[in-house]
Amino acid sequence: MNRSTAFQFRSGNSFFHRLDPLTKLAWLVAISLLAFGAYIAWVQILIALAVLFTALALGRISPLVIFRGTWLFGIACVSFWVIQTLTLPGTHVAFTVLGHPIYAESADYALASALRIYTIILSSLVFVRTTDPRELAIALVTQMRVPYRVAYAFFIALRIVPTIEAEIKTIRAAQAVRGVVRKRGLASRIGEMKRYAMPLLVGSLRKASMMVMSMESRAFGAYPQRTFVESPRMTVASYAVMAVMLALVVTWYGALAFGYVHSIYVFSGA
Amino acid sequence: MELAVDNTAGMASLRSLDVNDAQEITVAPSSVRAAMAAEGSVVDIRGISYAYEGEVDPVLRDISLEVGDGEFVLILGPSGCGKSTLLQVLNGTIPHTLRGRLEGDAFVCGKSVVETRVASFATEVGMVFQDPEAQIINTLVRDEVRFGLENLCRPADEIVARQTEALAFVGLDGFGDRSIFDLSGGQKQRVSVAAVLAARPRLLVLDEPTANLDPNGMAEIFGVLRRLNREASTTIVMVEHRVDELADCVTRVVMMDRGSIVFDGDPRSAFSKRRAAHSEEGDAVPSSAWFPQAAEFALALADASGTPAPSADLPLNVDEAVRFAEAHFASGARAALPERAAIPPSEKPLLTVRNLSFGYERKQPILTDINFTLGEGEIVALCGRNGSGKTTLARLLVHINAPPPGTLMLGERDITGLSARDISAEIGYVFQNPDHQFVTDRVWDEIAYGLVVRGYADHAIEERVGEVLDIVDLKRYRDKSPFSLSLGERRRLSVATMLVLEPRLLVLDEPTIGQDHERAQLLMGLMARLRERYGTTILMITHDVRLVAEWADRALVVSGGRLRFDGLPQAMFANTDLIKEAGLLAPPVFEISCALAAERPDRVQPTLSLPHLVDMITGTEGRSA
């Protein structure tokens, strides 16, 4: 009955849903590398648009979900952009606001930094929303040779996040009925954490011990290896995505290293 | 099936039983026992005692139990009697995962529990627990069913074949690719059963598998278990307190009290005599709280008519109870009298809900145009399937969800604009899990909290907390941590925290979910005392039909976000389409009385009260009035 969070896996049949988890992980890493490497606004805009296209067309994530998952970060990015634009030094005055000069370089750099954060958040949303944590865990075992117990620990941790979230909501509601009023500020948030800790801990430990019993009684850990009936495999599409992302990263950082970016950077000659 | 006791420890326990019980336990000589074991007993436990790590008092005391192939064993007993602990011995969770002191011998499927790892029991013993959320590991149905066999390194094609077979058995063909979190409670538990069936265990062990389910989900699970036992000859050992639906499909009943087995035999013998048991806190629990209602009815009828208590012909279901009653009709026609209303319907409205609609998203309303009134001092049951909107409705009353303006009136006052703190002084809400509501480290502080945040004077706080501690009988724990109390005590404490503000309305959220019926009865007893003392109105969200029948003055049914019924509980149960829609089952006493009323309308009328039904049959009603 509660609204689900946007940062949660939802099964689907989009191109990204069908892609194997490790390729998506590689895509996420490549996007992050590109976003970190690009300090020019128009490059960041291109990357952000590419990720947005991926989310909408390749991941079939609805605009509403994208908005719900990223609006808070969006506000943070916009404030970051405005503050940096107003405060960073520069040489080319683009225009003035109330007598305060706004420099083209600072506006450009500020936009690039703000978009960088947004791009990384959005690409993480695409990854989380389209990747079944269990498939990722299996891919780690079958393709990356991670021990299956470690991979399952990782998977279960992700799997119980929504359960804990729901429990926190219930505790908050239960305590509000007691007359506990939520206040802003760090001190009251710490007080709130302390009040939540005990019920949450008691509940989580009980759930954890139940999970242990449920897993052990079904022979988890009986052998060093286990069967995976279905494990994700690299497909032609996976190789294509990997190749494109690798090419982009190599090209960009190569261009940076050899000074090509600098030579076409719009303010470099000034 | 009889309990065999042959070792000296067993003999000692036999001698310590009272004389009446002793005749129900037959002592088998060791040669017989060895023969039974050779025939392949699935469970063979001799004189085990167990104490949890760091505890002195044993939870299990000298337990001996032998279960043969194909048996369906129901273990009964009040909370804290050690029944769940006993189940954990059956696959080695005790002593391997939960450590502690285990004495005695325990063999399951021929393997010593002490010497065998839990994982090695996976192909022989399947375990299903109460909470679907906690025992399900994977997100997709197929992955959950495959999990055990994958751990056992079986080949992929065999795993897929067994997955299909197991899902078909529990009636979930074609559910493989579904997400478990989109399923109903009953379906989730059926997935848990399929997940252990895939390994084709000889023994299925279930610990209150339907405690979190509505009556529909419960019927789904019991149907699967009955088929498993009869068609696949799977041995089943189960702890469960929904005896009304189970009594006539199990082959054997084991009753436990304070860590010991106090009865072991066939179901009819089990329920042919009232037995006192003891709660975790040491209070006596009446057998009516955990006996099937059909049997309880027969015992009451035999008492009232002065005939000997039934044993071989003890009814365990509605049809048997109807036949049993027919033999007990007193001679001489006497017109059936309407049941006397225990509490006059309230004249004064306390809370009025008017045109209430609500949804988190505009296109998906959870509640549509709800209208009803709660009278002062009424006990009202709010019924409906899981997901029907009943919890959302109750939460709107205390502003956990914000109600639209003008929809809630307390007396003459619109309360939709009040803050959560202001509303909590008028309307209390007791959550399912009492732990969620605790905000301090001490019982006394916990009760005082509501008064302290509202700025009451110290002496007033002292006085009221003392009074409330008395009402809920927790005075001796005033300096203890709330989390150190037993579940029953924690529940009383959570009621006390609400009570101290003297609310005019108290909402109980599913008081029986994950609880024994006996605990719910104790809680309702407390509620009845509150109503007497303060005139408190009680609204309980529940699908425990016995609770509704026994305590509610009125019932509300929510279905698909709309209020479908507002009236007497009896009228609700009489409307078969409605109770089907609400996922309810009528209580046995009502079905028995309806069947009898159809045959003898001059003598019996449909009723929800067991004593009233007995009175009508024996013809004592007119005389006692």
Side-chain angles (χ1 to χ4, degrees), chain A residues 1-4 9-11 132-135 138 148 152 155-156 159-160 162-163 166-167 169-182 194-196 198-203 206-230, chain B residues 88 91 93 97 117-122 125-127 129 131 133-140 143 146-156 159-160 179 195-196 199 360-361 366 387 391-392 395 398 400 419-421 424-425 428-429 431 433 435-439 449-450 453-454 483 497:
Chain A
M1 242 181 284
N2 289 326
R3 261 191 287 185
S4 58
F9 169 64
R10 276 277 167 268
S11 55
D132 185 346
R134 183 176 178 276
E135 287 210 338
I138 295 176
Y148 77 86
Y152 260 91
F155 157 63
I156 287 171
R159 138 97 173 70
I160 60 173
T163 315
E167 184 124 349
K169 269 190 193 158
T170 310
I171 294 174
R172 184 174 294 156
Q175 299 194 349
V177 170
R178 294 291 313 278
V180 175
V181 175
R182 291 186 79 200
K194 182 176 162 273
R195 276 196 318 273
Y196 289 179
M198 195 64 183
L200 202 57
L201 202 66
V202 169
R206 196 189 60 79
K207 280 207 178 74
S209 77
M210 191 55 75
M211 271 189 163
V212 169
M213 286 192 235
S214 169
M215 291 173 81
E216 281 200 332
S217 68
R218 284 186 284 155
F220 186 80
Y223 302 102
Q225 305 294 329
R226 82 191 284 280
T227 312
F228 288 100
V229 173
E230 272 164 33
Chain B
Q88 283 161 352
N91 79 334
T93 297
T97 310
R117 289 194 313 154
V118 177
S120 306
F121 274 116
V125 185
M127 300 285 276
F129 305 94
D131 183 0
E133 303 292 327
Q135 69 186 306
I136 287 173
I137 309 299
N138 299 278
T139 40
L140 291 183
D143 295 332
R146 291 170 182 172
F147 182 79
L149 294 172
E150 287 184 325
N151 290 331
L152 291 163
C153 299
R154 292 289 162 79
I159 297 178
V160 174
S179 164
V196 297
Y360 295 105
E361 276 157 42
I366 296 171
T391 300
T392 306
R395 290 185 169 199
V398 284
I400 293 171
S419 72
R421 180 181 282 181
S424 62
Y429 194 106
F431 275 67
N433 181 350
D435 297 353
H436 287 155
Q437 288 188 293
F438 297 147
V439 291
Y449 184 87
V453 295
R454 285 173 182 81
F483 292 97
T497 60

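Hydrogens, waters and symmetry mates play no part in the numbers below; they use all other heavy atoms, side chains included. Naming: A, B, ... by sequence-line order, numbering from 1 per chain.
- Here OG1 of A/Thr170 is found 9.0 Å from CD1 of B/Ile400. Values are rounded to the nearest 0.5 Å.
- Taking the ring-ring contact (aromatic ring centres under 6.0 Å, His included) definition, one finds that A/Tyr152 meets it with A/Phe155, A/Phe220, B/Phe147, sequence neighbours left out.
- Contact annotation for B/Val160: only side-chain heavy atoms (C-beta onward) come within less than 4.5 Å of a heavy atom of chain A.
- Residues B/His436 and A/Glu167 share a closest heavy-atom pair of NE2-OE2, 3.3 Å.
- Here CZ of A/Arg226 is found 4.5 Å from CD of B/Glu150. Values are rounded to the nearest 0.5 Å.
- With a 4.5 Å cut-off on non-hydrogen atoms, A/Val202 touches chain B through its side chain but not through its backbone.
- Considering B/Asp143, B/Ile159, B/Leu149 as possible partners of A/Val229, the one that fulfils the side-chain contact (heavy atoms from CB on, under 4.5 Å) test is B/Ile159.
- Contact tally against chain A (heavy-atom pairs below 4.5 Å) for B/Ala156, B/Ala134, B/Gly126, B/Ala122: the top residue is B/Ala134.
- Looking only at heavy-atom pairs under 4.5 Å with chain A, the residue among B/Val398, B/Asn138, B/Asn433, B/Val196 that has the most is B/Asn138.
- Taken from CG in B/Asp435 to CG in A/Leu200, the straight-line distance is 11.0 Å, to the nearest 0.5 Å.
- Annotation: maximal heavy-atom pairing with chain A below 4.5 Å, among B/Glu133, B/Arg146, B/Gln135, occurs at B/Arg146.
- Checking side-chain atoms of A/Arg178 against main-chain N and O of B/Phe438 turns up no donor-acceptor pair under 3.5 Å.
- Between the CG atom of B/Asp131 and the CE atom of A/Met211 there is a distance of 9.5 Å, given to the nearest 0.5 Å.
- Remark: A/Glu230 CD to B/Leu140 CG distance equals 9.5 Å, nearest 0.5 Å.
- Of the atoms belonging to B/Arg117, it is side-chain heavy atoms, and not backbone ones, that fall under 4.5 Å from chain A.
- Across every non-hydrogen atom of A/Thr227 and B/Arg154, the tightest pair is OG1-O, 2.9 Å.
- Between chain A and the residues B/Cys153, B/Gly148, B/Gly428, the most heavy-atom pairs under 4.5 angstrom are made by B/Cys153.
- Residue A/Arg172: no heavy atom, backbone or side chain, is found under 4.5 Å from chain B.
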In sequence, state the C-alpha distance, the side-chain angles, and the governing distance for A/Phe9 and B/Thr139, and then conclude on side chain to side chain contact (heavy atoms under 4.5 Å, CB included).
CA-CA 10 Å; A/Phe9 169 64; B/Thr139 40; 5.5 Å; no
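- With a 4.5 angstrom heavy-atom cutoff, B/Val118 touches chain A via backbone and side-chain atoms both.
- Residue contact with chain B, scored on non-hydrogen atoms closer than 4.5 Å, involves the side chain of A/Val212 exclusively.
- Evaluation of the ring-ring contact (aromatic ring centres under 6.0 Å, His included) rule for B/Tyr429 yields B/Phe431 as partners, not counting sequence neighbours.
- Atom CG of B/Asn151 and atom CE of A/Met215 lie 7.5 Å apart (nearest 0.5 Å).
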Show the numbers, then the answer: is there a side chain to side chain contact (heavy atoms under 4.5 Å, CB included) between A/Ser217 and B/Thr93?
CA-CA 8 Å; A/Ser217 68; B/Thr93 297; 5.5 Å; no
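- Neither the backbone nor the side chain of B/Ala425 comes within less than 4.5 Å of any heavy atom of chain A.
- When the candidates B/Asn91, B/Ile137, B/Thr497, B/Leu152 are compared by the number of heavy-atom contacts under 4.5 Å with chain A, B/Ile137 comes out ahead.
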